[in-house]
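What you see is a predicted model; the values in this text were computed from it and never measured. In what follows, every heavy atom counts, from backbone to side chain, and hydrogens, waters and symmetry copies are set aside.
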Amino acid sequence: MTSSPTGTWQKILYRKQAFPDNYSGGDAQFLKELRKNVSVVHYDYKSAVYGCMNFLTHLDTLTMYFVLFLNILHSNWSPNILYTVFVSTIALYLFFCKFLAVVANSREHARTIVTLFLFAYAFTPVIRTLTTSISTDTIYSTSIITAILSCLFHDYGVKAPVVSYPTSVSSGLSSAIFLLSRLEEDTPTLLLLVIAFTLHAYGAELRNRMFHVYPVVSSLIFTVLSLFSVYCISSFSVELSVFWALLHVFILFVCPLILILKQTGKCTIHGPWDEAVPIKSMN
Amino acid sequence: MNWITEKSVLIRTVEAKLLLMRTFSFTRLLALDVAISLYIWNVWAPDWNYNVDSFWKQTSHVADNLNGTINWLRDNPAGLKLNTPVNETLAWFFSYHIYLWTTFIGFLRYDVFYRYVTNSLVFGLSTFSSMIYDLSQIFFLHFNCFDAYATKLCYLCYYTLTVLWSLVRGKKHNPLRERMDTITLDTRQQFLATSLFVILLFILPTVFVYFVVFRSLRLAVSAIQTVIYFFGTWPFQIFALQKYVVRKYYGKPIAEETSDSPAT
Amino acid sequence: MERKIGPYSIALVSDFFCPNAGGVETHIYFLAQCLINLGHRVVVVTHGYGDRKGVRYLSNGLKVYYLPFIVAYNGATLSSIIGSMPWLRKVFLRENVQIIHGHSTFSALAHESLMIGGLMGLRTVFTDHSLFGFADASAILTNTLVLQYSLINVDQIICVSYTSKENTVLRGKLDPNKVSTIPNAIETSLFTPDTDQFFKNPTTIIFLGRLVYRKGADLLCEIVPKVCARHKTVRFIIGGDGPKRIELEEMREKYNLHSRVVMLGMLPHNQVKQVLNQGQIFINTSLTEAFCMSIVEAASCGLHVVSTRVGGVPEVLPIDEFISLEEPVPDDLVEALLKAVEKREKGKLMDPNKKHEAVSKMYNWPDVAERTQVIYQKAVETGSPGRLDRLKGYYDQGIGFGILYIVVACIIIFWLKILDIFDPPAKNRLKEKPKSQ
């Protein structure tokens, strides 16, 4: 039990020091390692807006899908429009495979397309007659709920623990299947099924990469898409389209502002008592 | 041959009776048995034909009711969300089987055979009941088949559904570690899994309804057969009860007790 | 010669005591033992364990009150402060308690008794054994709802390391002068080295602890195969059980280390020494520790310790001779382990017996008890805030939850007065048997 030789206080416990027990280095050393707001991320308005555009693009594509379905159901649009959409979806998918996909194996992609078609073709009659005995309202509400679920678990280019690719794809596809059971003919069912699947399975990656690599082009596409979706909804109900437009404005401009303003009020305390975050090695 | 002797209640009870006839208390019961049956014979014998005819009428009623139920189900009743194509298929399948069943029992409709059965009433109520029991086994054989089909189908559907439910959320059961593993599927598998899941989800109520119908039919038949079985073996039950009561309350074994127990 | 302190009548209150075995439990047990040896009167108050209710005497003469309270979650009682008040009042009056010493933030019983004892006019001391974060929901609730209000009226506070003191001061918004640092200790006579095995056994690295995320089981999973790949003969012994055991078994199978990694499963506390004696190096991968008892146990058995630099660990043992510290990065820990193995093979590690001697001097229970009784003296000699001051303290901390505490305190004051009329304190005090010495 010797006191430390020089008489200065040291932050050690294994030696009894010549200071009373409630002394801990005075103001110089006490809470020296306290750090505030270490992990605060400084967001800037522009990147927040781009993030919102990413989210709204997904919502817009979903809305366009619903609009397409409704128009086909009520035979408002000619089937040619459906064929065009279908062909463009396939073209986008091929573009995605060739240029943006991580695993650029053409054999795998061809296999995917073939399997998709075959099974979609096989399942179409089953899906069409799946829910004939269930009321339309139930079907529509279930479809919307699963679509919202799919949006919740979707990947918007931000790493978050709630993101789950299987859940998002499954719920998106189920929402499409519920809807498709209302249709009368086989061909639109098949095409819409393929479109829905491609949208949910590959849309996320394509969109995230586009926003990451070509932000300006993506924002232009987004503007066109949102205006078009507002216009399409207005053919069904004007109030809804106004609401939709307002929602766009709110999410796009007001929400990033709220984020930036609230970040300044953040105050976190860090120090040696924090639980360490183990760094995983690469392999 | 062995299988028949094991399964047939009639043969087993006759063997047991022959074995136990040496015991006086059992012979008492047998005598009572024959007395009751003779009494019933007297009551029934005059209008035996009427009885047989009414029996056949009842059987065809059962067949008609069954067909009627299947047709009723075909029309998607009572707010049950039955899937039409599956409903149609299952209804057609089971109607055809019911038709097979009615043809089958048509073959069994021979007067001579039933004379023989009714004459067995002489040998005692228990003999008659055991014979009826054996006949009912043959009669209602097809119901067991119906139940088996419906159960298997329903179980398959349910099991696949539970597995797919885990799969669409990205989890798979690991039998080695007995826990749920996270698994990433490629897009084809994801598509298949989700489509199959939704399809099976809607088909399950239909299959379940058929399962309920045929399982309850088989349970009803089982209940009737249990009652007949009791009548077929009532002397043995009373005999065992007697022995038990004597042993418990009087503490001495019956003098004429044999070493083998009744083969019930 | 110092003036003799006391003797005081002390009640050690906590939810965690025998028959449970853990850090807090052993701390209370040995502290009570040493305080009795110093001449104070000590009783322990805790909740009932299964059938174990009522008053019991432990083998060293310690009197323990097992009160029949309901255990809600994780060993802590369901606190119903007003409901526990008659029980605790009775116990404190009977034993003529002057100082109430509560242990562990997780123990609701400790907080209750500090509050009630304070309102009865007794002196209060609290010891904190763990570190907390600030950011997750449970931490925010514990800090604002419990700690600030509970500790504002406690006379003295003890923490087990300087990091723990900083943490507690920040969490409870306390005056640093009221907080003292007294480290934990271990019973070093139970953890002696075995020189035979130390020098003759092949190089063995030992890990003992629960296999949970908090204790760094993931880090361990990464370290073991790397070390085994770079060194041909080193062995690992892993003791303990938990949710991460499956991952460790998988790692063992994946790298085919069945002969080099031994997994012992759950170890009872009395077998720890035998296991520690089989090795020469101890690895600790915890992600947060206030004061790590296991490394002191390992050092007492003569092992060299390799640990992560978290919490209060850097303060516990002298660096380089007794312990090697690294950040919780797998590669750094692997390097440190390999260096330690090299030192062992060259025979440059400190002799285990010398290490044991040194550790016995660093941490022993009589020392801890002496320092604690100085704290008790401080608590007794500085005045205790009166009842109004206590209520004002709650108000000052924030009226949001403070109103709740004020109301409860008022109800307790009221009922204390009523009980004092019907059940006078004088009648309750245990008549001391005349000592025959």
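Ring centers of B:Phe146 and B:Trp101: at least 6.0 Å apart, outside the cut-off. You'll find the ring centres of B:Tyr149 and B:His97 inside the 6.0 Å limit. Checked against a 6.0 Å centroid threshold, the rings of B:Phe202 and A:Phe178 count as neighbours.
The contact between B:Ile199 and chain A is made by backbone and side chain atoms together, counting heavy-atom distances below 4.5 Å. If you measure heavy-atom distances from A:Thr132 to chain B, the contacts under 4.5 Å come from the side chain alone. For A:Phe153, no part sits under 4.5 Å from any heavy atom of chain B, backbone or side chain. Looking at A:Thr131, the atoms closer than 4.5 Å to chain B (heavy atoms on both sides) all sit in the side chain, from C-beta outward.
To the nearest 0.5 Å, the span separating CG on A:Leu130 from CZ on A:Arg182 amounts to 10.0 Å.
Most heavy-atom pairs under 4.5 Å with chain A, from the set B:Gln190, B:Arg188, B:Arg169: that is B:Arg188. Heavy-atom pairs under 4.5 Å with chain B peak, among A:Val169, A:Leu173, A:Ile177, A:Ile127, at A:Leu173. Per-residue heavy-atom pair counts under 4.5 Å with chain A were compared for B:Thr84, B:Leu201, B:Leu196, B:Leu192, and the maximum is reached by B:Leu192.
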Item to complete: Quick one: do B:Phe94 and B:Phe214 satisfy ring pair (Phe, Tyr, Trp, His ring centres under 6.0 Å)? Show the steps, please.
Response: CA-CA 10 Å; B:Phe94 282 114; B:Phe214 288 109; 4.3 Å; yes
Practice prompt. Check the pair A:Phe95, A:Ile90 against side chain to side chain contact (heavy atoms under 4.5 Å, CB included), reporting the backbone distance first and the verdict last.
Written response: CA-CA 9 Å; A:Phe95 165 73; A:Ile90 296 292; over 6 Å; no
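Side-chain N/O atoms of A:Ser229 and A:Ser226 include no donor and acceptor closer than 3.5 Å.
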Validation: residues 186-198 of chain A side-chain donor-acceptor distances under 3.5 Å, sequence neighbours left out:
{"from": "A:Asp186", "atom 1": "OD1", "to": "A:Arg128", "atom 2": "NE", "distance (Å)": "2.6"}
{"from": "A:Asp186", "atom 1": "OD1", "to": "A:Arg128", "atom 2": "NH2", "distance (Å)": "3.4"}
{"from": "A:Thr189", "atom 1": "OG1", "to": "A:Glu185", "atom 2": "O", "distance (Å)": "2.6"}
{"from": "A:Thr198", "atom 1": "OG1", "to": "A:Val194", "atom 2": "O", "distance (Å)": "2.5"}

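Within residues 111-125 of chain A, the residues having any heavy atom less than 4.5 Å from a heavy atom of chain B are, in residue-number order, A:Arg111, A:Thr112, A:Thr115, A:Leu116, A:Phe119, A:Ala120, A:Phe123.
Between B:Gly232 and B:Ser126, the closest heavy-atom pair is O-CB, 3.3 Å.
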